[in-house]
Amino acid sequence: MEPIIKVENLSKQFKNNLILNHVNANVNKGDVISLIGPSGAGKSTFLRCLNMLGKPTGGKVIFNGKNLMTSSQKELIHLRTHLGMVFQSFNLFDNKTVLDNITLAPMKVNHEDQAEAEKKAYQLLKMVGLANKAHVYPYSLSGGQAQRVAIVRALAMNPEVMLFDEPTSALDPEMVGDVLRVMQNLAKQGMTMIIVTHEMEFAKNVSNHIWFMDHGNIQEKSDPKQFFNHPKTKDAQTFLSKVL
Ligand SMILES: Nc1ncnc2c1ncn2[C@@H]1O[C@H](COP(=O)(O)OP(=O)(O)OP(=O)(O)O)[C@@H](O)[C@H]1O
């Protein structure tokens, strides 16, 4: 089976700092990958390079056989709809209702008609326990609710891969479980996911691959059991001794 995403020698330089240093990785359909590592390792930068939100300075990202590095802006807008992204800070439109937040891109970019887009939005809101929030504005949502709406908004585009950038880091502790449960259900349904996270229990119990990143490279790719019980590199051992 061809990987959905192939990352080849990916580099990202900010001024004189090489933040990503020739990263290589493959993502297969159905993979649930937790990308973990110390602060400043390059995890968010890597994730943003996968969908070209941050333009890499070298290497390739091949998504379904297409090299995103050489894709035009127009192609990227289309290709990005297949790579849903959820940010730490929700990024909802404050002046639009929850329903409009969710249906905007499916109607504008995917040219769905309103009835079709709204039907799907209601189904997805129901799935995340927010069916009664369709007509409210984001300011009236808790952080946990806003993040579940952000997940629904990404799902409404029928993505093949979901990218999560520390989706629970900005939440009050009591909200974290609601969001992680939604993500766990997505994983169970077979969604291909890459999650930058500091939630080690989630990484251990839900993902089927751990990518440990430090100093701009993925230093270990393991299954969770092996990684948490027998980290191979000194950097991973040091990291785990601090976070566990
Ligand atoms: N736009 C930018 N300009 C300059 N340097 C940047 C920029 N974005 C990130 N960096 C630097 O790149 C490095 C990696 O940052 P990144 O946010 O990818 O790390 P991270 O592993 O996600 O960390 P954290 O867990 O704290 O979010 C850091 O040293 C950061 O200061």
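Note that ligands are numbered from 1 as they come in the structure, with each ligand's atoms numbered from 1 the same way.
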message = How about NZ on K232, more than 12 heavy atoms from neighbouring residues, nucleotides or ligands closer than 6.0 Å, or not?
response =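 Yes.
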ask   = Can you tell me if NZ on K221 sees more than 12 non-hydrogen neighbours from other groups inside 6.0 Å?
value = yes
Got the closest protein heavy atom to [atom], with its distance?
{"atom": "atom 12 (O) of ligand 1", "value": "I19 CD1, 3.2 Å"}
{"atom": "atom 9 (C) of ligand 1", "value": "F14 CE1, 3.6 Å"}
{"atom": "atom 23 (O) of ligand 1", "value": "G40 N, 2.8 Å"}
{"atom": "atom 18 (O) of ligand 1", "value": "T45 OG1, 2.5 Å"}
{"atom": "atom 25 (O) of ligand 1", "value": "K43 NZ, 2.8 Å"}
{"atom": "atom 27 (O) of ligand 1", "value": "E166 OE2, 3.0 Å"}
{"atom": "atom 17 (O) of ligand 1", "value": "S44 CB, 3.8 Å"}
{"atom": "atom 26 (O) of ligand 1", "value": "S39 OG, 2.6 Å"}

inquiry  = Quick check: A41 and ligand 1, any N/O pair under 3.5 Å apart?
reply    = yes
query = Does an N or O from G42, backbone or side chain, lie closer than 3.5 Å to an N or O of ligand 1?
reply =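 Yes, G42 has an N/O under 3.5 Å of an N/O on ligand 1.
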message = Looking at E116 and K119, is there a salt bridge between them, counting it only when a charged N and a carboxylate O are closer than 4.0 Å?
response =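 Salt bridge between K119 and E116, a charged N being under 4.0 Å from a carboxylate O: no.
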inquiry  = Tell me whether atom 30 (C) of ligand 1 lies less than 4.0 Å from at least one protein heavy-atom position.
reply    = no
message = Q184 vs N205, test: side-chain contact (heavy atoms from CB on, under 4.5 Å). Steps then yes/no.
response = CA-CA 9 Å; Q184 184 164 12; N205 298 324; 5.9 Å; no
task = Taking only heavy atoms of H198 into account, list the atoms of ligand 1 that are under 4.0 Å away from them.
result =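 Those qualifying, in numeric order: 25 (O).
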query = With H215, which residues qualify under ring pair (Phe, Tyr, Trp, His ring centres under 6.0 Å), at least two apart?
reply =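 None.
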task = Work out whether the distance between some heavy atom of G54 and some atom of ligand 1 is less than 4.0 Å.
result =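 No, that is not the case, since the closest heavy atom of the residue is not under 4.0 Å from the ligand.
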ask   = Can you tell which part of M213 has a heavy atom less than 4.0 Å from ligand 1: side chain, backbone, both or neither?
value =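 M213 to ligand 1: no contact under 4.0 Å from either part.
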inquiry  = Please check this pair: side chain of N21 against backbone of N217, looking for a donor-acceptor N/O pair closer than 3.5 Å.
reply    =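 Side chain of N21 to backbone of N217, a donor-acceptor pair under 3.5 Å: no, none is there.
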